[in-house]
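The sequence lines fix the lettering, A, B, ..., with proteins before strands; numbering per chain opens at 1.
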Amino acid sequence: MNRFLLPLGVFIVLVIFLWIGLTLNPREVPSPLINKVAPTFRLPQLQDSTKTIGPEDLRGKVWLLNVWASWCVTCRQEHPLLVEMGRQNLVPIYGLNYKDNRDDGLALLKNSGDPYVLSAYDREGNVGIDWGVYGVPETFVIDKSGLIRHKFIGALTPELIQNKLIPLIKELNGA
Amino acid sequence: MRSKFLVVLLLLLVMPLAHADQAVIKKDDPVLEKRVMTLSEHLRCLVCQNQTIADSNAELAVDLKNQVREKLRQGQTEQEILDYMVKRYGEFVLFKPLVKSTTWLLWFGPLLLLLLGLGVLIVILRQRRKLMQQAPTLSADEHARAASMLSGNGGEGHS
């Protein structure tokens with residue numbers, strides 16, 4: 001009897017480990033920037049290249065930075081959700097137009113609606129690297145003191161917005 | 001006529017090269033390029049996670065290599081650049097994990113398993129030796145009987 005118990009035990013432990021492994025997403029690398037000061041930048045605006053935008057302009061506000069590009073298919077799927085959020089005026093959404101062609105980016109906003117207060121234009125993707133962006137879309141939540149409080153990797157979903165994003169924004173605005 | 005055709009053909013061959021020049025990244029310094037590649041081998045490509053950015057042609061990997069090149073050119077040290085990347089992308093970006101308390105199991109787990117296996121092997125061998133020693137010995141009479149049975153001379157076995 002005993003000689004079966006040990007292999008069975010080992011097997012069960014292995015199954016538990018593999019089971020947990022199945023529920024993890026290796027593509028989701030936790031950002032070390034959480035609860036750190038948002039990396040600063042100064043970029044031209046997408047709509048008006050003579051004006052610039054940077055995180056300092058938004059001190060004292062809770063805001064979202066949504067990294068997007070016209071060539072990114074998942075961003076297009078996410079886009080209607082952002083437009084809807086913008087309409088509800090939940091939180092100011094700023095865009096980081098990442099490695100995009102200015103005309104393509106503007107065309108997308110014209111055709112599918114513009115949820116952004118403003119979009120910064122990161123042609124070379126250097127600001128993206130500075131923010132640890134490795135797959136678009138990504139959405140950062142920045143608090144009033146300029147700290148990054150959360151990062152959504154990949155497209156937002158209605159569930160994520162309802163269960164995670166909105167409570168977080170309420171909490172940050174209340175504090 | 002024929003040579004004209006050849007010239008056109010050659011021009012067509014050269015055309016893609018003219019296009020490849022679009023990116024304005026200068027790679028004219030072989031010493032710098034070598035340093036970029038060496039450092040890139042220590043950085044993980046987050047899009048294709050089992051590759052280093054040196055091995056990968058993913059767009060992000062190319063961007064990160066450019067960033068490495070830029071920073072080396074500015075005179076930053078290898079360690080400074082690694083620190084910068086870790087601050088942005090987390091320790092996961094290091095292709096070779098750091099040795100620290102949370103990664104001890106990763107680094108020394110295999111050694112632990114090896115030692116465990118050796119231990120089990122030693123215990124089993126000891127037990128077996130003990131069994132051998134405890135095996136009942138045969139008397140001279142029994143030896144003779146066994147020998148005769150083995151040589152096929154009947155004895156009193158099965159008829």
Side-chain angles (χ1 to χ4, degrees), chain A residues 2-3 5-7 9-10 13-14 17 20-21 24-41 55 65 67 69-75 96-101 122-138 140 147-148 150-151 153-154, chain B residues 22-26 39-40 43-53 56 58-74 76 80-95 97-98 100 102 105-106 109 112-113 116-117 119-120 123-124 127-128:
Chain A
N2 225 345
R3 57 183 296 174
L5 231 50
L6 187 68
V10 171
V13 169
L14 197 67
F17 268 95
I20 295 172
L24 299 175
N25 181 2
R27 303 220 131 257
E28 229 161 82
V29 183
S31 172
L33 288 168
I34 304 297
N35 292 330
K36 300 263 165 61
V37 178
T40 184
F41 60 79
L65 184 73
V67 185
S70 65
W71 47 260
C72 150
V73 181
T74 325
C75 304
L96 181 70
N97 186 232
Y98 177 68
K99 303 201 70 174
D100 208 350
N101 189 316
D122 186 16
R123 176 79 197 90
E124 307 300 328
N126 287 335
V127 170
I129 290 179
D130 229 19
W131 281 61
V133 170
Y134 64 88
V136 254
E138 290 185 10
F140 296 84
L147 301 181
I148 294 179
H150 196 79
K151 174 184 180 182
I153 296 158
Chain B
Q22 262 181 355
V24 277
I25 292 141
K26 278 196 284 180
L39 193 56
S40 297
L43 291 168
R44 183 188 305 278
C45 169
L46 285 118
V47 182
C48 30
Q49 298 183 344
N50 289 330
Q51 279 184 310
T52 63
I53 61 169
S56 171
E59 205 168 325
L60 181 72
V62 175
D63 286 351
L64 286 177
K65 267 181 278 191
N66 291 339
Q67 193 85 357
V68 167
R69 180 177 302 110
E70 199 45 48
K71 286 182 183 301
L72 282 174
R73 200 172 275 157
Q74 285 167 12
Q76 295 196 17
E80 277 170 344
I81 296 173
L82 287 179
D83 289 346
Y84 168 86
M85 291 296 177
V86 168
K87 236 184 240 166
R88 284 345 186 243
Y89 289 98
E91 258 167 41
F92 187 63
V93 81
L94 299 177
F95 206 70
L98 296 173
K100 52 183 228 172
T102 48
L105 199 63
L106 185 67
L112 213 71
L113 282 180
L116 200 78
V120 169
V123 167
I124 287 178
Q127 275 177 353
R128 185 171 290 178

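- How far CG of B:Leu46 is from OG of B:Ser56: 10.5 Å, rounded to the nearest 0.5 Å.
- Under a 4.0 Å N-O distance rule, the pair A:Lys151/A:Glu138 qualifies as a salt bridge.
- Under the 30°/60° scheme for interplanar angles, the aromatic rings of A:Phe140 and A:Trp131 are found to stand perpendicular.
- No other option in A:Val29, A:Asp130, A:Asn126 has as many heavy-atom pairs under 4.5 Å with chain B as A:Asp130.
- Residue B:Leu113 qualifies as enclosed at atom CG: its count of foreign heavy atoms under 6.0 Å is above 12.
- For chain A, the nearby part of B:Phe92 is the side chain; its heavy atoms alone come within less than 4.5 Å.
- For A:Lys99, the part lying near chain B is the side chain, with the backbone staying farther off; criterion is any non-hydrogen pair under 4.5 Å.
- Among the candidates B:Glu70, B:Glu91, B:Met85, B:Gln49, the residue making the largest number of heavy-atom pairs closer than 4.5 Å to chain A is B:Gln49.
- No part of B:Val93 comes within reach of chain A, as not one of its non-hydrogen atoms sits under 4.5 angstrom from that chain.
- To the nearest 0.5 Å, the span separating CG on B:Leu43 from CG on B:Leu64 amounts to 7.5 Å.
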